[in-house]
Protein chains: 2
Amino acid sequence: MSLEADMLARLKAVARHPAARGLADDAAVLGWPLGQDLVATHDMLAEGVHFTPDCPPADIGWKLAAVNLSDLAAMGARPVGALMGAGIGNARGTDWAAELLRGLMQCLDAYDTPLLGGDTIRSGPTSVLSLTALGQSAPGTALARSGATDADDLWVSGTIGDAGLGLRIAQGGPGASALLKRYRRPTPRLALGLALSGVASAAMDVSDGLLIDAARLAAASGLAADISAAAIPLSPDARASGVPVAELATLGDDYELIFAAPPAARAKIEAAATQARTPICRIGRLHAGAGLTLDGATPAALGYQHR
Amino acid sequence: MSLEADMLARLKAVARHPAARGLADDAAVLGWPLGQDLVATHDMLAEGVHFTPDCPPADIGWKLAAVNLSDLAAMGARPVGALMGAGIGNARGTDWAAELLRGLMQCLDAYDTPLLGGDTIRSGPTSVLSLTALGQSAPGTALARSGATDADDLWVSGTIGDAGLGLRIAQGGPGASALLKRYRRPTPRLALGLALSGVASAAMDVSDGLLIDAARLAAASGLAADISAAAIPLSPDARASGVPVAELATLGDDYELIFAAPPAARAKIEAAATQARTPICRIGRLHAGAGLTLDGATPAALGYQHR
């Protein structure tokens, strides 16, 4: 049996939502909740670029789902389904593809997101994966990067820099295994995003680094940002790494949410985070102007930029 | 400027639908038409597998859109938007990527489908492309492969085998340039699919070969199919090729629609095709049993199968 046929059988076993139609038709058909907006995002992961060839395939599958669900979280949307494009490298066998799917489903199941369809192909020398995540939000309530106003607080969820330190471990460096897990199995902050909808003034997810992404949110809102280094939340492992906070805040792959809200909304923000059982920290503020400062000074580096 | 940044600027220039939010946020947000079902499909194309390295990138872009829109057509859905994953091979420059996008937009514009978002990455040694097409259909009206009943007619749109002959030209063989175009720039039969919704009993698109896909539609409906070789529509170029019709009917990439309907609905089917300005031919019938016959005999080959 070909890899494609083997995968189709495995996909049929897990794509049990009626909208997937048993993967028997040319497309999925989903009754849409009356009056809800559709939120849609599509991100890819490529071998040698976004994951190393020796990365466990179940972790790749998890991350493929998680980075897309993180985009829905940043919009305050509730996931309703996913479609996967599995471009499997020529050297990979059915076991590798099955593990990829297992990790993907672990993440999708953890966030109640049915797999609705997709495509499996042989992609060539390396594996290249794509996913579309579909979500719903009440009309006009989706969050944006551009909604913040002067004097808004800047907040972030979770801890910063763990995934970037995990990447160094994946590349052969030393470090705590919890950091590697943070890199390979990021947590999409869906409950927090939902709870922030209608409360936060602006939001996005942190994928390229806290400082660069905070600068982007500020720029989209036509404002400047100032962040307090001491307020940036760090895990015990990140503190123990000895890497300065100004550097941790430039590392990518956190998939935490950064968001803004007026100071008057602090109690509501705290309540939203409690409801979502997600730790958050207030790390700075937005103000008139442009650019980003850390403790009032321009940082040497912001993070990963597509130059 | 990096290829990713160059592409983002180009994408922002063409993703002008409000739902795309200027590609400034983490996801697209689309007001959904009240009460309409969501139809979603996701297909990939890989260099060296689905297109040759020397294929003009604009043609690749067209085909990426067309094969996904063809899936919507097969469901009788109206397209509402697309998200593209552009995995650009390391050796390709911004010109190649810009041409890919140009061809993609030619096809999306031709079928009134806004580009809502997506992702551009460096994919590794070869290019691997993905697309999600989103469509709408009135509740419960989406077509399926499984709806045909005993004694239904079997119909097909357009002409058969042209694209397969075009593939041989792409691989260096002789032939008419119109055939190459049929391979590289397939026509998604969206108007026909829409017109068949509520009239046809079953439908799918022909991607792996007329015979194999007719056999799949029959099997999904729990029936057998018999096709009349003389009734299979051929273009003048396909006739001139000298390739027997039994072979043409096993070639892939036609992206025509094959569909079923009761004999009592023939006038309605003809009217639907006229309304859609799409030529159709009645090529056979479905009956109790299993399998597929061509002029009453089992063909030597059916088409491309994922073994």
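The model shown is predicted, which means the values in this text are computed figures rather than measured ones. The chains referred to below are lettered A, B, ... by the order of the sequence lines, with proteins before strands, and numbering in each begins at 1.
Judged by distance alone, with hydrogens and angles left aside, the side-chain atoms of B/H42 form a donor-acceptor pair with the main-chain N or O of A/G85 at under 3.5 Å.
B/D26 has its side chain within reach of A/D205: a pair of non-hydrogen atoms, C-beta onward, lies under 4.5 Å apart. Using a 4.5 Å heavy-atom cutoff, the side chains of A/M204 and B/D25 are not in contact. Using a 4.5 Å heavy-atom threshold, the side chains of B/L38 and A/V29 count as separate. Put simply, the side chain of A/M75 reaches to within 4.5 Å of the side chain of B/R21, judged on heavy atoms. Side-chain contact check for A/L134 versus B/L134: some heavy-atom pair is nearer than 4.5 Å. Proximity of B/M44 to A/S123: side-chain heavy atoms (C-beta onward) are nowhere separated by under 4.5 Å.
Ranked by heavy-atom pairs under 4.5 Å with chain A, the list B/A24, B/A220, B/G117, B/G48 is led by B/A24. Per-residue counts of heavy-atom pairs under 4.5 Å with chain A were compared for B/E47, B/H50, B/R145; the largest is that of B/R145. Comparing B/A19, B/A27, B/A46 by how many heavy-atom pairs each has under 4.5 Å with chain A, the most go to B/A27.
Looking at A/L116, there are no atoms closer than 4.5 Å to chain B (heavy atoms on both sides), in backbone or side chain. At a 4.5 Å heavy-atom cutoff, the contact between B/V128 and chain A is made by backbone and side-chain atoms alike. If you measure heavy-atom distances from B/A77 to chain A, you find no contacts under 4.5 Å at all.
Nearest heavy atom pair, residue B/G31 against residue A/D37, reads CA-OD1, 3.4 Å. Closest of all the heavy-atom pairs between B/G124 and A/T126 is CA-OG1, 4.4 Å.
A distance of 11.0 Å separates CG of A/L131 from CG of B/D119, quoted to the nearest 0.5 Å.
Atom CZ of A/R92 has more than 12 neighbouring heavy atoms from other residues, nucleotides or ligands inside a 6.0 Å radius.
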